[in-house]
Amino acid sequence: MAKQEFASALVQWYRTVQRDLPWRRSKDPYAIWVSEVMLQQTRVETVVPYFERFITRYPSIDALAAADEQEVVKNWEGLGYYSRVRNLHLAVKEVASKYGGEIPRSYEQMRALPGVGPYTVGAVLSIAYGVPLPAVDGNVLRVMARVFALEEDVASARTRTRVEAIVTELIPRDCPGDFNQALMELGARICVPRTPKCVECPLTIYCKARATGRQNELPYKKGKKPQRIEERAVFLIESQSGEFLIRKRPQQGLLANLWEFPHVLMSSAVALEVDASDLRQIGMLAREIVGYVPQEITFIRKYVHLFSHVIWNLSLYVFKATEGLVLEAPYQWVSAEQRERYTFGQVFNKMWMDVKVEGMSERR
DNA sequence: TACTCGTGGGC
DNA sequence: TGCCCAAGAGT
């Protein structure tokens with residue numbers, strides 16, 4: 001294949017059709033870095049408003065490095081994969097203290113920062129500094145699997161290494177950032193997962209999958225493991241003085257360090273037996289949190305919340321706590337106003353909105 | 001390697 | 001409706 005023609009056809013296409021995105025208007029390596037972290041496993045349309053707000057709030061490495069951790073995480077609320085923002089905060093602090101506030105230009109040094117993997121190094125260094133490194137994401141894997149008719153599982157490390165080698169070979173020295181972004185833009189808009197738009201593709205004459213009519217069969221992916229299902233009873237507990245009980249989640253695992261309304265995992269046997277309206281059984285579960293069986297519990301509604309590998313079947317209940325109930329950490333009482341400063345998983349925010357709209361106090 | 005880690009959109 | 005997926009990294 002004519003390397004130069006491939007690259008120039010791709011870059012030329014990109015420069016004609018590229019979308020006007022906020023991080024593309026910036027030449028600030030820090031802003032580009034923030035965008036790349038937000039874009040991990042997350043759609044462009046979702047990221048845009050978060051990016052604008054985050055960059056306005058934390059316009060520089062020094063500003064983010066100096067910021068309060070809890071507040072930084074609050075600005076990420078709703079984006080998911082919350083370890084990304086904690087790692088970004090740690091990494092920015094390290095850049096501020098160790099590298100004088102300038103992102104290191106060497107692969108090894110940047111790769112060593114927390115939350116910075118091979119993709120992010122390649123993307124930031126190529127786009128911000130013009131370093132000719134590959135930035136292989138899901139788009140690039142899909143595009144290359146089709147163009148070169150790669151048959152192996154695209155999720156495998158071997159395929160990734162192969163694709164990195166191919167990109168390294170093809171990447172133009174004069175515009176590595178545009179080349180990397182062009183590959184991603186192509187994957188996002190033309191070489192899409194299902195029914196790629198080959199008639200609009202600038203690489204169609206190079207594409208082996210297209211030549212053999214296999215563009216709908218590639219890339220090959222292994223099937224995913226089914227999600228684990230958990231039945232949980234969630235309690236929105238209001239004190240006599242109108243505060244609400246929240247608790248902090250553990251430092252490791254799902255929604256790590258975020259806040260939530262207390263809930264109890266039901267064994268599958270219990271879950272099968274207990275009807276949502278069987279409040280006697282639910283009272284026994286509430287006792288695991290407050291230490292006694294509440295007098296009067298109200299069932300609100302059921303929720304299904306999907307994570308990438310777990311399904312939560314949740315039943316929400318509310319009740320009034322007895323006077324003077326004291327609970328230790330990780331439990332905490334907060335007013336409705338104070339609650340807004342804490343970061344919750346989205347399902348808990350949805351519950352809160354639902355109860356607020358319906359009016360919990362007027363319910364009885 | 002395989003699994004963990006969120007969320008919302010599209011069909 | 002259920003399933004797939006989207007600019008990945010850590011373990």
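Source: prediction; values computed, not measured. A note on names: the letters A, B, ... follow the listed sequences, proteins ahead of strands, and every chain is numbered from 1.
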So what does A:E36 touch, heavy atoms closer than 4.0 Å: a base, only the sugar-phosphate, or nothing?
base

Scan A:A135 against the nucleic acid and name what it touches under 4.0 Å (heavy atoms): base, sugar-phosphate only, or nothing.
nothing

Is there a donor-acceptor pair under 3.5 Å between the side chain of A:S156 and the backbone N or O of A:D153?
yes

May I ask you to say what A:R19 touches in the nucleic acid, namely base, sugar-phosphate or nothing, with a heavy-atom cut-off under 4.0 Å?
base

Students often get this wrong, so: under 4.0 angstrom with heavy atoms, is A:I311 touching a base, only sugar-phosphate, or nothing?
nothing

With a non-hydrogen cut-off below 4.0 angstrom, is A:L255 in contact with a base, only sugar-phosphate, or nothing?
sugar-phosphate

Assess the side chains of A:E231 and A:N313: does a donor N or O sit below 3.5 Å from an acceptor N or O?
yes

Using the side-chain hydrogen bond (donor to acceptor under 3.5 Å, both in side chains) rule, take A:Q40 and A:Y119 through it: C-alpha gap first, then chi angles, then the decisive distance, then the call.
CA-CA 9 Å; A:Q40 289 169 13; A:Y119 165 77; over 6 Å; no

Return the residues of residues 112-125 of chain A meeting this criterion: a heavy atom under 4.0 Å from some atom of DNA chain C. Order them by number, or give none.
A:P114, A:G115, A:V116, A:G117, A:P118, A:Y119, A:T120

Scan side-chain atoms only and decide if A:R84 and A:Q41 contain a donor-acceptor pair under the 3.5 Å cut-off.
no

With a 4.0 Å cut-off on heavy atoms, is A:G187 in touch with a base, just the backbone sugar-phosphate, or nothing at all?
nothing

Hey, can you pull the residues of residues 160-169 of chain A with a non-hydrogen atom under 4.0 angstrom from DNA chain B?
none

What's A:R158 touching, base or sugar-phosphate or nothing? Going by heavy atoms closer than 4.0 Å.
nothing

Using only atom types and a distance under 3.5 Å, with no angle test, would you say the side chain of A:R249 pairs donor to acceptor with the backbone of A:L258?
no

Could you walk me through whether A:C175 and A:R15 satisfy the side-chain contact (heavy atoms from CB on, under 4.5 Å) test, starting with their C-alpha distance in whole Å, then the side-chain angles of each, then the deciding distance to 0.1 Å, before giving a yes or no?
CA-CA 11 Å; A:C175 58; A:R15 288 176 177 163; 3.4 Å; yes

Please name the pair of heavy atoms, one in A:L203 and one in A:V147, separated by the smallest distance, quoted to 0.1 Å.
CD1-CG2, 4.4 Å

Nucleic acid contacts of residues 213-226 of chain A, taken as heavy-atom distances under 4.0 Å to DNA chain B
A:K222, A:K225

Output field: ring centroids A:W352/A:F244 closer than 6.0 Å:
yes

Determine, step by step, whether A:Q215 and A:C207 satisfy the side-chain contact (heavy atoms from CB on, under 4.5 Å) criterion, reporting the C-alpha distance in whole Å, the side-chain angles of both residues, the deciding distance to 0.1 Å, and the verdict.
CA-CA 9 Å; A:Q215 66 271 23; A:C207 185; 5.8 Å; no

Please give me every residue in residues 41-56 of chain A whose heavy atoms get under 4.0 Å of an atom in DNA chain B, ordered by residue number.
A:Q41, A:T42, A:R43

Reading DNA chain B in the 5' to 3' direction, which nucleotide is the first one with an atom under 4.0 Å from a heavy atom of chain A, and which is the last?
B:dT1 to B:dG9

How would you label the contact of A:R111 with the nucleic acid (heavy atoms, under 4.0 Å): base, sugar-phosphate, or nothing?
sugar-phosphate

Neighbours of DNA chain B within residues 257-265 of chain A, by heavy-atom distance under 4.0 Å:
none

With a 4.0 Å cut-off on heavy atoms, is A:W76 in touch with a base, just the backbone sugar-phosphate, or nothing at all?
nothing

Test salt bridge (Lys or Arg N to Asp or Glu O under 4.0 Å) on A:K93 and A:E69; report intermediate values, then the result.
CA-CA 11 Å; A:K93 284 185 186 178; A:E69 151 110 4; 5.5 Å; no

Using the P atom as the reference point in each nucleotide, state the distance between C:dC4 and B:dC3 in Å, no decimals.
15 Å

